[in-house]
Amino acid sequence: MRIGELARRTGVSERSLRYYGEQGLLAPTRTPAGYRVYAESDVDVVRHVRMLLAAGLNTAFIKEVLPCMVDTGDGLAPGCPELLPHLRAERDRMTIAIDGLATARTLLDDVIAATPPEGSDYETWVARRTG
DNA sequence: GTTCTAACA
DNA sequence: TGTTAGAA
């Protein structure tokens, strides 16, 4: 099938489909005219890619693990045991990122909280705090 | 009408 | 990622 059909059947834009191809996630063949030709199985590949993307993994990582993933019917499961350490490492990176944002948010909360009392004159308030 | 590449307010 | 221009 060509890109238009795959896009319709997966709900993924043609733009994204071409991008996945550039990233090595999809390997469509080409017609003499240069049109991309996808296999029936690519419908599932695209679904898997979307799931992993939604799970926060980047295309480079997905490219590596995709071949080892098995479709369980309701989701994806690691088909190779040596995948777990990498998946857990990825999870740890997310935790670090989340913690970083949490502290950033707390700091921003402090700035927001240091605001003049309701109804007070802003100019005067600023002058008193500025010295 | 569909797809391709390349480029960007 | 969306969108669009120009060509096939």
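Here is the naming used below: chain letters follow the sequence lines, and residue numbers restart at 1 for every chain.
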Interface residues of residues 40-59 of chain A with DNA chain B (non-hydrogen, below 4.0 angstrom): none

Gap separating the [atom1] atom of [X] from the [atom2] atom of [Y], nearest 0.5 angstrom:
{"X": "Met69(A)", "Y": "Glu64(A)", "atom1": "CE", "atom2": "CD", "result": "12.5 Å"}
{"X": "Leu108(A)", "Y": "Thr103(A)", "atom1": "CG", "atom2": "OG1", "result": "11.0 Å"}
{"X": "Leu25(A)", "Y": "Leu53(A)", "atom1": "CG", "atom2": "CG", "result": "7.5 Å"}

His48(A), NE2 atom: more than 12 neighbouring heavy atoms under 6.0 Å: yes

Contact pattern, 5' to 3', of nucleotides 4-9 of chain B - B, S or - by protein heavy atom under 4.0 Å: SB-B--

Cationic N near anionic O, under 4.0 Å, Arg2(A) to Glu5(A): no

Between dT3(B) (P) and Met1(A) (CE): distance, integer Å: 12 Å

Cluster check Phe61(A), Leu66(A): I/L/V/M/F/W/Y, side chain < 4.5 angstrom: yes

Nucleotide interval of DNA chain C bounded by contacts with chain A (heavy-atom cut-off, under 4.0 Å): dT1(C) to dA8(C)

Listed partners of Glu82(A) passing side chain to side chain donor-acceptor pair (under 3.5 Å), at least two apart: none

Closest approach of Arg36(A) to Arg18(A) (non-hydrogen atoms, all atoms of both residues): NH2-CD, 3.3 Å

Residue pairs fulfilling side-chain hydrogen bond (donor to acceptor under 3.5 Å, both in side chains) with at least one residue in residues 118-127 of chain A, sequence neighbours excluded: Asp121(A)-Thr124(A)

Dot-bracket encoding of pairs in DNA chain B, which uses [ ] for pseudoknotted crossings and | for another strand, Watson-Crick or G-U under 3.5 angstrom: .|||||||.

